[in-house]
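Throughout, a chain's letter reflects where its sequence line sits, starting with A, and its residues are numbered from 1.
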Protein chains: 2
Amino acid sequence: MARSEDGGDKKPLERLGVREIAKRVGVAPMTVSRVLSNPDMVAPATRAKVLEAIEAAGFVPNRLASSMKGNGRIIGTVVPPLINSGIAEQVQGMSDECQQGGYSMLLVQGEFTTEAEESSIRTLLGWRPAGMILQSFVQSEVARQLLVSSGAPVVEISEIKGRQPIDMVVGVSNFETAYAMTMHLAAKGYKRIGFVSTPIHGNDRLQQRRTGYHAALTELGIENHASLEVEVPITAAGGAEALVTLTERHADIDAIFFSSDTLAIGAVQECHRRAWAIPGRIGIAGYGDMDLAAQLYPPLTTVKVNRYEMGRRAVRQLLDRLGGKQKLATITSLGFEIVDRESA
Amino acid sequence: MARSEDGGDKKPLERLGVREIAKRVGVAPMTVSRVLSNPDMVAPATRAKVLEAIEAAGFVPNRLASSMKGNGRIIGTVVPPLINSGIAEQVQGMSDECQQGGYSMLLVQGEFTTEAEESSIRTLLGWRPAGMILQSFVQSEVARQLLVSSGAPVVEISEIKGRQPIDMVVGVSNFETAYAMTMHLAAKGYKRIGFVSTPIHGNDRLQQRRTGYHAALTELGIENHASLEVEVPITAAGGAEALVTLTERHADIDAIFFSSDTLAIGAVQECHRRAWAIPGRIGIAGYGDMDLAAQLYPPLTTVKVNRYEMGRRAVRQLLDRLGGKQKLATITSLGFEIVDRESA
DNA sequence: CTGTTAGCGCGTTCAA
DNA sequence: TTGAACGCGCTAACAG
């Protein structure tokens, strides 16, 4: 299949290096290196010849080696499970921005236990990344130390206030979003508003959302029952289950605020099954404004946060820092929007 | 913030190497290296001292350097956009298996133009990955050459038959799945079955699905109109739009087979809006069996393929090959299932 | 504009 | 069981 008589010798990629290319062209290895990273420093004629040889040989420069000389081009990131979580959009944002900046993205996906987090971070740091992006605040103290002493810039995509960040933070005020949505529901006349989230432990974003919900209830003078809250897995079934649980506990519950659109959408399906009118029988609100939210029947009232942009901005911060930009914001707060549709 | 008086000097990670650790313990660098990769070759007492020093110094071995010595531990992969596509589950499968095997995953996400593909592959190859996983067949001939000469094992997650694979293939027969679903719909009494997909060009999986749909229609002796097919973007809105287009074109259309659950779910919402009974007015079938499919109202009839497992298996193949396993299957075909629920 | 020298941090090789 | 020397492929720094 592979052609063998087409000009340049095609040694396997393994054995091919700047040295070899240099030899073929009759220049020094350094010249080849320059063609790769600072083309302008090389005379056009020489450059052309080198480029040609590279092309003919099918040479792909070894980035491991160049990274060892200090210009690493890896961004490391550890993210929670991608399914149903809206994280996929964020990852896409990160990926796009990385590519544009000439960086590659090393992705570790895992659950958020302290040990798993620590081990993931350790692994990533082994690759001497130019920068790191983490979700939520880093819990493990050891991991924090490691990150600090690695010297790499770090962005936590997280709640923008609370604990001391390691370095930079990009995110929204989850407190504000949840507070705003709860107030919004109250303003629409709902009296008894439930709150459903995925497991909160160790996730400061969810903690802040719950706190925002509490703050709003308190301010409204609404009784603040723990029994108005449930935690369920991040699946449509979880949302349906939560709806059932809460309405059985409180016959008079008239709206539920879900910490994720996935959950809210599941609950809406359950309402259809029971032929409950939305919002007549109960109002449903979500969080995230995923693609389906606007198309849902009935359209979902939700909190819109631009996750794609969050991912992009996180990488941007890193690259700006690496580019030596001064006066870089420590905290980047993205806005949000209460999208008022028909479900509540 | 960072403690400075806690025992071992904490030089920045940059300056820390086996050499430095060795000096502190009073052994040769090689001994430290062995503790890291072949602990059994080192006397327990020595090992303990080294480990302690590593811990105290917060030393994280540089994987770039070890990769350069031939034992690279990177799996490179390029995937289509993660949102709405079911690819997220696959990525999760890949990630889990990589971690378990001690590999890191370098992820490039991009659209599937030939140039983008080539450039992504080139970038990835620069990191001298131990293995590569690609979606669909690789189109660019240059990229194929590059992959072959890189010497790395390659898995294409794709249609399992058709073009000559570069190396190994993992996937399902998309032809079979679509054929089976179309036959299934026919068996349930549907006479005029539409087909909706996301843009087919350059995606052999979608091509095969369409071909399977065609084959079934032909076998059933059903007239095979191109006007029964539409392509739309992979969004819920796209699904809704397709429903409208097809039903306007053919008043007698009685079922639509969508090449993705996302599309089908969008169409179901549109039916609700129009108060069309499902499956009374029209039957809807999807593809993928995403989490929401079973919870949807009405529950979605769909093709179930285990995307998580596909991702896992792809990495498994790579690792088995790297582990020197003989008699490795070139083609790994995962099964599928027609999940008959109420929407059709 | 181009070449030379030196060395990044590790592991392979061979010797002790 | 441990150590010394060498080199992987690339590039910073300095000459020329």
*asked:* Output the rounded distance in Å from CG (B/L125) to P (D/dG9).
replied: 15 Å
*At under 4.0 Å between heavy atoms, what does B/T46 touch on the DNA or RNA strands: base, sugar-phosphate, or nothing?*
sugar-phosphate
*Decide, yes or no, whether a salt bridge links A/R34 with A/D40 under the criterion of side-chain N to carboxylate O below 4.0 Å.*
no
*Roughly, in whole Å, what's the span from CE in B/M41 to P in D/dG3?*
12 Å
*When you check the side-chain N and O atoms of A/R205 and A/Q135, is any donor under 3.5 Å from an acceptor?*
yes
*More 5' along DNA chain C: A/R47 or A/M68, using each one's nearest nucleotide?*
A/R47
Pick out the pairs of N or O atoms, protein on one side and nucleotides 10-16 of chain D on the other, that lie under 3.5 Å.
| unit_1 | atom_1 | unit_2 | atom_2 | d |
| --- | --- | --- | --- | --- |
| D/dC10 | OP1 | A/N62 | N | 3.1 |
| D/dC10 | OP2 | A/V18 | N | 2.3 |
| D/dT11 | OP2 | A/S33 | OG | 2.5 |
| D/dT11 | O5' | A/S33 | OG | 3.3 |

*Can you spot which of A/L36, A/I54, A/V35 makes a side chain to side chain contact (heavy atoms under 4.5 Å, CB included) with A/P61?*
A/L36
*Please list, chain by chain and in numerical order, all residues satisfying side chain to side chain contact (heavy atoms under 4.5 Å, CB included) with A/S119, sequence neighbours excluded.*
none
*To the nearest angstrom, how far is A/I54 atom CD1 from D/dG9 atom P?*
16 Å
*Which heavy atom in A/S67 sits nearest to a heavy atom in A/G72, and how many Å separate them?*
OG-CA, 3.5 Å
*Passes side-chain contact (heavy atoms from CB on, under 4.5 Å), A/M168 versus A/L318? Steps please.*
CA-CA 9 Å; A/M168 295 177 281; A/L318 251 25; 4.1 Å; yes
*So does B/T31 get a side-chain nitrogen or oxygen closer than 4.0 Å to the phosphate oxygens (OP1/OP2) of D/dG3?*
yes
*asked:* Please tell me whether B/Q90 and B/E309 have a donor and an acceptor in their side chains that are separated by less than 3.5 angstrom.
replied: no
_Can you tell me which residue among A/R47, A/K49, A/M30 is in a side chain to side chain contact (heavy atoms under 4.5 Å, CB included) with A/V42?_
A/R47
*Check the distance between C/dG9's P and A/W127's CH2 and give it to me in whole angstrom.*
16 Å
*Which angle, rounded to 10°, do you find between the first-five-pair axis and the last-five-pair axis of the helix from C/dC1-D/dG16 to C/dA16-D/dT1?*
30°
